[in-house]
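Below is one structure, written out as structure tokens, with a few remarks after it.
What's counted below: heavy atoms across the whole structure, side chains too, no hydrogens, waters or symmetry copies.
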Amino acid sequence: MNDSAENKQEALDKRYIRMATIWAENSYCKRRQVGALIVKDKMIISDGYNGTPSGFENVCEDDNNVTKPYVLHAEANAITKIARSNNSSDGATMYVTTSPCIECSKLIIQAGIKRVVYSEKYRLEDGIELLKRAGIEVVFLPCSENK
């Protein structure tokens, strides 16, 4: 990519990651709100945020403030929405506010997503390492740079 194309891509990345950050506000989770968008050909084809499955109460943590085991991550919600649509995530980019865990990274790989942009590092980096091992382009775009 030339400088102009790189600058254009970076501007798009910042815009989409800001949108994912806003989308995370839909989460009812108290400990951490995470948002994800899947973009293909400059179109948002799916979105997700962390929360309980459809039909469950919108409470993510138990009485001890521990996340309930059935809470879905934002990435999983976005990918499963694709499965229920006529869209394909093959070759798409995922924008997610927090770096994917290893379980979500496996889903990202299987969904054919080729690029992941994230704005906040999670304490475990095994998901990011798996994505890189699979040949997926991984871009860290810190929150402070998203203006």
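- Listed here is the closest heavy atom pair of Asn87 and Ser85: N-OG, 3.1 Å.
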Show your reasoning for whether salt bridge (Lys or Arg N to Asp or Glu O under 4.0 Å) applies to Glu57 and Lys68.
CA-CA 11 Å; Glu57 75 291 347; Lys68 294 178 180 177; 2.9 Å; yes
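- The backbone N or O of Asn77 sits less than 3.5 Å from a side-chain atom of Thr80, completing a donor-acceptor pair.
- Side-chain N or O atoms of Ser46 include one that pairs as donor or acceptor with a backbone N or O of Ala78 at under 3.5 Å.
- The closest side-chain heavy-atom distance from Ile136 to Ile109 is below 4.5 Å.
- Between Ile82 and Ser88, every side-chain heavy-atom pair lies at or beyond the 4.5 Å cut-off.
- Evaluation of the side chain to side chain donor-acceptor pair (under 3.5 Å) rule for Glu129 yields no partner, not counting sequence neighbours.
- Hydrophobic clustering (ILVMFWY, side-chain heavy atoms < 4.5 Å, transitive): Ile22 and Val96 are in distinct clusters.
- Between Ile113 and Thr93, every side-chain heavy-atom pair lies at or beyond the 4.5 Å cut-off.
- Considering CG of Leu72 and SG of Cys29, their distance stands at 10.0 Å, rounded to 0.5 Å.
- In this structure, CD1 in Ile17 is found 8.0 Å from CG in Leu37, a value given to the nearest 0.5 Å.
- A continuous path of ILVMFWY side-chain contacts below 4.5 Å connects Phe140 to Leu131, so both sit in one hydrophobic cluster.
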So Val116 and Glu137, side-chain contact (heavy atoms from CB on, under 4.5 Å) or not? Walk me through it.
CA-CA 6 Å; Val116 174; Glu137 181 186 351; over 6 Å; no
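- Tracing side-chain contacts under 4.5 Å through hydrophobic residues (I, L, V, M, F, W, Y), one never reaches Trp23 starting from Tyr28; they form parts of separate clusters.
- When side chains are defined from C-beta on, Arg31 does not count as touching Cys60, because their heavy atoms never get closer than 4.5 Å.
- The two residues Ser27 and Gln33 make their nearest non-hydrogen contact at O-NE2, 2.7 Å.
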Run the side-chain contact (heavy atoms from CB on, under 4.5 Å) check on Asp47 and Ile38 step by step: do they pass?
CA-CA 6 Å; Asp47 56 63; Ile38 299 176; over 6 Å; no
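- Ion pairing between a basic and an acidic side chain is recognised when a charged N comes within 4.0 Å of a carboxylate O; Asp13 and Arg115 show such pairing.
- Between the side chain of Thr97 and the backbone N or O of Gly35, at least one donor-acceptor pair lies under 3.5 Å.
- Side-chain contact between Met94 and Glu75: present, with at least one pair of heavy atoms (C-beta onward) separated by less than 4.5 Å.
- Residue pairs satisfying the salt bridge (charged side-chain N to carboxylate O under 4.0 Å, His left out) criterion with at least one member in residues 88-98, sequence neighbours excluded, are absent.
- Asn7 contributes no side-chain N or O that, together with a main-chain N or O of Ser4, makes up a donor-acceptor pair within less than 3.5 Å.
- Evaluation of the side chain to side chain donor-acceptor pair (under 3.5 Å) rule for Glu103 yields Lys106 as partners, not counting sequence neighbours.
- Note on Met19: it does not cluster hydrophobically with Tyr49, by side-chain heavy-atom contacts below 4.5 Å among ILVMFWY residues.
- Grouping the Ile, Leu, Val, Met, Phe, Trp and Tyr side chains by contacts below 4.5 angstrom, directly or via other members, places Ile108 apart from Tyr122.
- Side-chain atoms of Lys40 and Lys114, non-hydrogen and from C-beta on, never get closer than 4.5 Å to each other.
- Side-chain atoms of Ser119 do not come within 3.5 Å of backbone N or O of Leu141 as any donor-acceptor pair.
- Comment: Glu125 does not engage Lys132 in a salt bridge, judged by the lack of any side-chain N to carboxylate O separation of less than 4.0 angstrom.
- Panel note: side chain Glu61, backbone Thr67; no donor-acceptor pair is recorded below 3.5 Å.
- Checking each of Ile128, Thr98, Val139 against Tyr118 for a side chain to side chain contact (heavy atoms under 4.5 Å, CB included) leaves exactly one that passes, namely Ile128.
- A distance-only check finds a donor-acceptor pair linking the side chain of Ser89 to the backbone of Ala111 [under 3.5 Å].
- Remark: the backbone N or O of Asn64 is paired with a side-chain donor or acceptor of Asp62 at under 3.5 angstrom.
- Using a distance-only test at 3.5 Å, with no hydrogens or angles considered, a donor-acceptor pair links the side chain of Asn50 to the main chain of Val34.
- Judged by distance alone, the side chain of Ser99 and the main-chain N or O of Lys121 form no donor-acceptor pair under 3.5 Å.
- Remark: Lys14 NZ to Tyr95 OH distance equals 12.5 Å, nearest 0.5 Å.
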